[in-house]
Each structure stands twice: as C-alpha cells, then as structure tokens.
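Throughout, a chain's letter reflects where its sequence line sits, starting with A, and its residues are numbered from 1.
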Amino acid sequence: MLDIKLIRDHPDAIRQRLALRGAGDEKLIDDVLAFDEARRQALTEVETLKATRNRVSKEIGALMSQKKLAEAEAKKAETRAIGDRITELDKKVAGVEEAREKLLLRIPNAPHASVPPGTSSADNPEVRCWGQKPEFGFPPKPHVELCMALGLVDFDRGAKLSGSGFLLYTGWGARLERALIQFLLDLHTTEHGFTEVSPPFIIGRHCMIGVGQFPKFEDQAYAVQEGLDAGTMGKLYLLPTAEAPVANIHREEILKETQLPIRYVAYSPCFRAEAGAAGVGTRGMIRVHQFDKVELIKIVKPETGSDELEEMVANAEKVLQLLGLHYRVVLLCTGDMGFASAKTYDIEVWAPGQGQYLEVSSCSNCEDFQARRMNLRFKTDTGENKFPYILNGSGTALARLFVALIETHQQADGSIAVPAPLQPYLKTDRIKP
RNA sequence: GGAGAGAUGGCAGAGUGGUCUAAUGCGCACGCCUGGAAAGCGUGAGUACUCCAAAAGGGUACCGAGAGUUCGAAUCUCUCUCUCUCCGCCA
C-alpha cells in the first residue's frame, strides 16, 4: 500500500506514476484524499473532547475521595453529553478510516522511475539473452508427446482425479520433478546464500492481503472450507505462490537493522484457479491449476533494493544456465507489471517443441508496498522505524521448466539427455521409455 | 472434541473501578565514579495517529483482538484469537 503521507504531500506525482500503468488507478487518489481529510477533521474534534473528558473524570475522582458527592454528580451529568458526542465522532472516524484503507488496499504500487512506459508485454524491452535456440537434426517434439511416449505425465488420469489442469506425474516424470525441486533448493541454499524454509501450504486471508494478492485477485484463489462449516469460508486459501506465507513470516515485527538482509528460499506447490483463462493454452503443462515452484524472498534495507533485485535475477538465471537452457530476460513495462511490484524482470526460457519462450521466473522489487500492508518494520541504528523493501522471485517455476528441459534435451531416438548437474539427483544420464 | 489455566513494556512480574503518567526486579543506553573495569549512584528509554508553517511543545489511543457497562476500565460483562496442562481421537 502506498504511504498516505506521500499521497497527501505529493498527490500529483503519485497520480502521474499510477497513470503509467494505464489502469485508471490514479482516479482513486481524489477519494482517498477526501476520506483522509474527513478523518483528520473528525479526529481533531474527538480528541479534544476526549482530553476534556479525561480531565473532568479526574476531577470527579478527586471530589469523590473528598466526599463532595453532590459536586461530583453535577460534573457527571455535564460529562455525559460529551460522552455521547464522542461515541458519535468515534464512529465517524472509524467509518471514513475504513473507507480510506479499503481504497488504499486497492491501489497498486507506483512503478519505479527506471521502468519503461508501456501498455502490454509487447512493450517489454529484452535486457539480455543467454545461449541460443538449439538445432535438431529432426523435428523437435512438443512436451505432451514426449511425456506420453516416455510415460512422464498421465494427463488423462490427472484430469480424471481432479479435472483438467491437474497433472499426474508418473515414473521418471515424478522423479524428474522431485529431482528438479531438490536441485533448485540445494543451488540457492549452498551457492546463493538463501535460508530454506518450508511454509504451510494453506494461508490466512490477512497474509494474502499482506502481499497484495487480495483484495483485488480474490477470484483467482482456491478458498478452503473446514469440513461442513460454511462459516470458515474466507479465512484460509491454498497458496497461489510461496511468496504469500514466506514474505509474511516477519509480519508485524520490528526487525533489528543487523538482521537484514533476510533471504529465504522455499519450495511449495502453487494453486491457481485461473478463472477466465479456460481454453487459453490449456493443453499440456504450460498453464495448470497446480504446479511446483521454488520461490526466493528477500527482506532488505531500502538502499540495497536495486542491487538485491539484480542479484536475484542472476540467481534465477543460474538455474537455466546450469541446465543448459536458452533464455532471455525482459524488463516489464509499466502496463505489464503485477499489482504489488515497483519493478519486475521476467525470465523466459525457450521451449523448442512449442517454438516459443515460456515465463519461468518473475523477479520483483515491491519496495515497501508489502511491508506497509503487513506492518513489517526495522529499526535503524539511529532508532528510527522504517519499512524494509521486500523482493520476490521464482527460482524457478516448475512444470514450464520441466517442459523446456525435456523439449531442449530430447534426442533423435526419443530419449531425454539429463544435464550433468541433475544426474546426481536422478541417478541416470538418460531418460528412456 | 472434552476439562482446566493463562495472555501486562526487551524479559520476568505486581496491579480487581479514580495521582496507572503501569510498581518492582533483570536486561539495555548514556553519564558520574575508576588507571581500566565491576559494583554503586544518577538519567533515559515503547508504538501509532494527530495538532502546530517548522522546530519546540501539545493531544489521543494502545495492558492478546473486538464490542459493552461507566463521568472514568489493565481492572467489571460478552464474543473471538492464540498459548499451556490433562483427557480422548489420530498420521
């Protein structure tokens, strides 16, 4: 959430930056300011009344202890009316405050100055490219074909169990998925300095609000109900990403400056309803309702945010380099960024069987937008409480990584060559039927 | 699921309607003392919102969360959340 004081002091600058997203969010600023003004006005009035009440109440106490009961009763009667007015104003304050907060929670983060303006993914500049599209002496097969031929994924039975968009990994497919997860976790913990955590896979609503998933994207989540108790709906949700629990680990805390930076890596399955996306690229493993992901989260001092973002992208790129996969890194333009992000890089891996790049990582600097929502702060050397910057990045998303891997390393005989770094995990150098 | 106990500042812990502006202890920071330290002594120390052009300085709220009673609530009432102990069930 944006800083209300910043909005109050520099409304035009904020409006301008929000307008770059092209979603019309800047129009909400006037309402925010109106609610804010109403709140402060009522607050000033009610606090003056409370000060009076506190003073008179003390006087009553003193009179009572001096047995001057008649005088005390007179003052009580006088104060009763103040009490009613206070109740009334308290309600007003709470009302406009809630309205203001509700709006603030719906306003996206302001894009960083280094983010290029644009309206869609077509405007995202490519920052760099690694490797090249592999050449095959035969027409490369798409992953669905490879999976079926090699028995890696049973699409039909996956759908039979849970509906379309759910995968049943089988045999080498299941082992490859598990090997990739462990490979990624080991890489980030031993080479990149991340601490591994394993969070709950069901997460509270307040945490979804904390990272900015809610209230705007509530329709995209799977909500959980406890047994037959319909009253429990809306409290817990299946994770859309490990970012939701992990970024919230320190919510409502005041960290010591020396604790920063904090770097966490977590594996989790990710559940996405993908409402409204039915029929769009649903074949195969590219858009599914459940996939595995290894997520990177950083909590850092504001001044190191930019460097930490670059490093995080490099950490995610390392995965693809080690697996010998061609990829490109793009910088998302203002119109293509996620709700909570101030700056985002996407990493897209080449999938020869698809003839297209697939997004396998999205690394974002959310600055203090999320920390504000979850009231996470740190105390500086000078004793000042500040909001840290929170960054998140996929390191990386599976399913699509799986796709790129088997499509890239497929051989003429229909087998898959296992890249060297993965061989110790899979205990083979070749996946054959 | 059943029964019971509990939640107070960095920590421990007192406080059952009116100088609570939350005792006391430990820890912490600074100062005095000292050759230096310890001890001792002294001082200070939370969070948020808000008023003021700003600074200085005020005000309000916060004793797990929310609602209520009252002129006045850490204290009384109700609801909720979490923690602990025992029992049951269970991977």
Whichever of Lys58(A) and Arg8(A) has its nearest RNA chain B nucleotide further upstream toward 5': Lys58(A)
Heavy-atom nearest nucleotide on RNA chain B for Leu43(A) versus Arg53(A): which residue maps closer to 5'? Leu43(A)
As a check on the pairing definition, encode RNA chain B in dot-bracket form, counting Watson-Crick and G-U wobble pairs whose two distances are under 3.5 Å, and using | for partners outside this strand. ((((((((.[[[..)..(.....]]].(((((.......))))).((((((.....)))))).[[[[[..)....]]]]])))))))....
When the [atom1] atoms of [N] and [M] are considered, how many whole Å apart are they?
{"N": "U16(B)", "M": "C76(B)", "atom1": "C1'", "answer": "8 Å"}
{"N": "U19(B)", "M": "G72(B)", "atom1": "C1'", "answer": "14 Å"}
{"N": "G13(B)", "M": "A7(B)", "atom1": "P", "answer": "10 Å"}
{"N": "U34(B)", "M": "G40(B)", "atom1": "C1'", "answer": "12 Å"}
{"N": "U24(B)", "M": "G9(B)", "atom1": "C1'", "answer": "13 Å"}
{"N": "A74(B)", "M": "C63(B)", "atom1": "C1'", "answer": "5 Å"}
{"N": "G2(B)", "M": "C80(B)", "atom1": "P", "answer": "12 Å"}
{"N": "G10(B)", "M": "U47(B)", "atom1": "C1'", "answer": "14 Å"}

Would you mind classifying the nucleic acid contact of [X] as base, sugar-phosphate or nothing, using non-hydrogen atoms under 4.0 angstrom?
{"X": "Lys235(A)", "answer": "nothing"}
{"X": "Lys75(A)", "answer": "nothing"}
{"X": "Arg85(A)", "answer": "nothing"}
{"X": "Thr79(A)", "answer": "sugar-phosphate"}
{"X": "Lys379(A)", "answer": "sugar-phosphate"}

Could you go through residues 190-201 of chain A and list every donor-acceptor pair under 3.5 Å that involves a side-chain atom there, pairing it with any protein atom two or more places apart or in another chain?
unit_1    : atom_1 : unit_2    : atom_2 : d
Thr190(A) : OG1    : Asp186(A) : O      : 2.7
His192(A) : ND1    : His188(A) : ND1    : 3.0

The correct set of residues in residues 31-42 of chain A placing a heavy atom under 4.0 Å from RNA chain B is Arg39(A), Arg40(A)
Under the salt bridge (charged side-chain N to carboxylate O under 4.0 Å, His left out) criterion, do Glu78(A) and Lys75(A) qualify, and how do the steps go? CA-CA 5 Å; Glu78(A) 173 192 325; Lys75(A) 275 193 189 287; 5.1 Å; no
Terminal contacting nucleotides, 5' and 3', RNA chain B versus chain A (heavy atom, 4.0 Å): G18(B) to G72(B)
Using the six-membered ring wherever Trp is involved, compare the ring planes of Tyr264(A) and His250(A) and label them parallel, tilted or perpendicular (cut-offs 30° and 60°). parallel
Do the charged groups of Glu88(A) and Lys92(A) touch, with an N to O distance under 4.0 Å? no
Electrostatic pair Arg263(A):Glu308(A) at N-O distance under 4.0 angstrom: yes
Any donor-acceptor N/O pair, Glu407(A) side chain to His143(A) backbone, under 3.5 Å: yes
Asn124(A) (side chain) donor-acceptor with Cys333(A) (main chain) under 3.5 angstrom: yes
Summary of salt bridge (Lys or Arg N to Asp or Glu O under 4.0 Å) pairs that have at least one residue in residues 35-51 of chain A, sequence neighbours excluded: Arg8(A)-Asp36(A), Asp36(A)-Arg40(A), Asp36(A)-Arg100(A), Glu37(A)-Arg40(A), Arg39(A)-Glu97(A), Glu45(A)-Arg85(A), Lys50(A)-Asp90(A)
Side-chain donor-acceptor contacts of residues 11-21 of chain A below 3.5 Å, not counting sequence neighbours, with atom names and distances?
unit_1   : atom_1 : unit_2    : atom_2 : d
Asp12(A) : OD1    : Arg15(A)  : NH2    : 3.0
Arg15(A) : NH1    : Asp30(A)  : OD1    : 2.7
Arg17(A) : NE     : Pro111(A) : O      : 3.2
Arg17(A) : NH2    : Pro111(A) : O      : 3.0
Arg21(A) : NE     : Asn109(A) : O      : 2.8
Arg21(A) : NH1    : Met337(A) : O      : 3.3
Arg21(A) : NH1    : Gly338(A) : O      : 3.2
Arg21(A) : NH2    : Asn109(A) : O      : 3.2
Arg21(A) : NH2    : Gly338(A) : O      : 2.9
Arg21(A) : NH2    : Ser341(A) : O      : 2.9

For a salt bridge (charged side-chain N to carboxylate O under 4.0 Å, His left out) check, start with the C-alpha distance between Glu59(A) and Arg55(A), then their side-chain angles and the critical distance, and finish with the verdict. CA-CA 6 Å; Glu59(A) 288 168 12; Arg55(A) 186 169 40 74; 3.7 Å; yes
Could you check if a side-chain atom of Thr241(A) sits within less than 4.5 angstrom of a side-chain atom of Val211(A), using non-hydrogen atoms only? no
Check the pair Glu295(A) / Lys293(A) against salt bridge (charged side-chain N to carboxylate O under 4.0 Å, His left out), numbers first and verdict last. CA-CA 6 Å; Glu295(A) 181 78 1; Lys293(A) 181 158 61 68; 2.7 Å; yes
